[in-house]
Amino acid sequence: MSRIYPGLLEDARRTVQFEPILHALVVLFVLAQGRDSVPAERLASREWYRDAKFGMFVHWGVYSLLGQGEWVMQNRPIAVSDYEWLAATFNPVKFDARAWVSLAKAAGMRYITITSRHHDGFSMFATRATRYNIVDWTPFQRDPLKELADECRRQGLKLFFYYSQLDWHHSDYWPRGSTGHNTGRPESGDWNRYLDFLDAQLTELLTNYGAVGGIWFDGMWDKPNAEWRLPQTYALIHRLQPGALIVPNHHQAPLPGEDVQTFEQDLPGANTAGFNTRTIGGLPLETSLTMNDSWGFNLTDHHYKSTRELIHYLVRAAGVGANLLLNIGPRPDGTIPPEAEERLREIGQWLATNGGAIYATRAGPIAPRSWGVTTQRGDTVFVHVLDWSDPTLALPSLGGGRWKAKSWPDGKVLQVMQAAGGVTITLPAGGETADRIVALTHR
Ligand code: FHN
């Protein structure tokens, strides 16, 4: 492009005096090209994603056996040979794809993102790229991702695969990054062969499981300056499944070819975790959150957030236009901790009544406040009052004429006082509910 357009402009300069007009047309054309370079399937997937708002994150693997979270191999540390022995005992006989997907559905979640391979390097799916996988290495011998993919299709949820680019097991993950130094691997390896291995596995994930929602990458932050061959890998993914989304958790601003900007343990724009970027691009947004303080199963971590806190997080995410990817860490036998199940069902009940002010909305016209947030769908602005005990609430001017207010979803008319500086609404009763919702529309 850049080689063609300067030439075009040169010609135009010599022949016509309409240079400003021509230049504007060229700029418009280039902008249009930029937009068109994302194919229709992916644009549609991005819109679906923006509407979905709520997904289930699942961290599940060999590490679940030890009940100390998914970083146990690094934290203890455990040598590759010992971890390989442990992996050979993994036998989650109570795993029931139907139960998991039904629970996600009951929670009001629209997609599931599951660890196909975490940093421990163990593949939780049938792969020919290594024998170190759940089918060939364990007595379980089943492919849980296949069972989940089939069940998600049956129940109408999308399935995304979390895929760790970082690996504490593979000998070709060399040179090492900031982690994985104490697992007893040789101090040598072939980086390009490692990347070929990743591409081979991604090819399987995008070929053997039907249409997948996308790939959720993690771990690039271990070696941020390495040559990850992202353009090649991203092109491979988009060639195999043109509608699949790339969701990278690299903690940077979005790179070319990516579809979603995801944040970890923080709402977009915040950085309490210490590694999230504050740069927000124009892509769909997501935030991932632990329900307790652990991603992978942690036997002693009962520090669960309350259902009310989780609903508030979901609403606050929607208020900045982001999805919430809420994590569970299933137990090594394949069952889901009861604290997690209870909360998911309660959130689902809340969404069954109030989801109309969450799903398919976009961030509302008022930036997040300490009292709550706004979302918007079409001409309706939803005011989500999360932390406010007074009977009225003053909003800044929303512009655009006069407004009327109704409580949501029961439609009771609420009093509105409108002045040049803003709109004051009388709130519905029920200050103790998780979210008092007011729907504002034009008179
Ligand atoms: O190291 C991982 C961690 O184990 C977990 O998978 C989270 C999920 O967002 N991401 C990584 C840290 O950025």
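Each ligand, and each atom within it, is numbered from 1 in the order the structure gives. Just the heavy atoms: all of them, side chains too, but no hydrogens, waters or symmetry mates, feed the values below. Note that the structure is predicted; figures quoted are calculated from it, not measured. In this chain, residues are counted from 1 in sequence order.
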Problem set entry | H118, any N or O under 3.5 Å of ligand 1 N or O | yes
For this session: Return yes or no for this condition: an N or O of W295 is under 3.5 Å from an N or O of ligand 1.
Result: no
Specify side chain, backbone, both or neither for [X], according to which of its non-hydrogen atoms lie closer than 4.0 Å to ligand 1.
| X | result |
| --- | --- |
| N249 | side chain |
| W216 | side chain |
| Y162 | side chain |
| H251 | side chain |

Problem set entry | Nearest-neighbour protein heavy atom for atom 10 (N) of ligand 1, which is reported as residue plus atom name and distance | D218 OD2, 2.6 Å
For this session: Please report which non-hydrogen protein atom sits nearest to atom 7 (C) of ligand 1, along with the residue it belongs to and the distance in Å to one decimal place.
Result: E264 OE2, 3.4 Å
Is it the case that the side chains of [Y] and [X] hold a donor-acceptor pair, with the cut-off being a distance below 3.5 Å and no angle test?
| X | Y | result |
| --- | --- | --- |
| S178 | D222 | yes |
| H302 | E339 | yes |
| D218 | W221 | yes |

Exercise. Would you say the ring centroid of H169 lies under 6.0 angstrom from that of F122?
Worked result: no
Exercise. Taking the six-membered ring where the residue is Trp, are the ring centres of F90 and W60 under 6.0 Å apart?
Worked result: yes
Ligand-side contact atoms (ligand 1) for residue partner [X], heavy atom cut-off under 4.0 Å:
| X | value |
| --- | --- |
| H59 | 5 (C), 6 (O), 8 (C) |
| S288 | 9 (O) |
| W221 | 1 (O), 12 (C), 13 (O) |
| E70 | 3 (C), 4 (O), 5 (C) |
| F57 | 8 (C), 9 (O) |
| W71 | 1 (O), 2 (C), 3 (C), 4 (O) |

Exercise. Among all residues two or more places apart in sequence or in another chain, which pass the salt bridge (charged side-chain N to carboxylate O under 4.0 Å, His left out) test with E151?
Worked result: R98, R154
Problem set entry | Listed partners of D51 passing side chain to side chain donor-acceptor pair (under 3.5 Å), at least two apart | R362
Problem set entry | Heavy atom of Q265, distance to ligand 1 below 4.0 Å | no
Exercise. With a 4.0 Å cut-off on heavy atoms, does F275 reach ligand 1?
Worked result: no
Exercise. Under the 3.5 angstrom rule, does the side chain of D172 hit a backbone N or O of W191 as a donor-acceptor pair?
Worked result: no
For this session: Identify the heavy atoms of I358 and K53 that sit nearest to each other, and give their distance.
Result: O-CG, 3.4 Å
Problem set entry | Heavy-atom side-chain contact between R176 and K223 under 4.5 Å | no
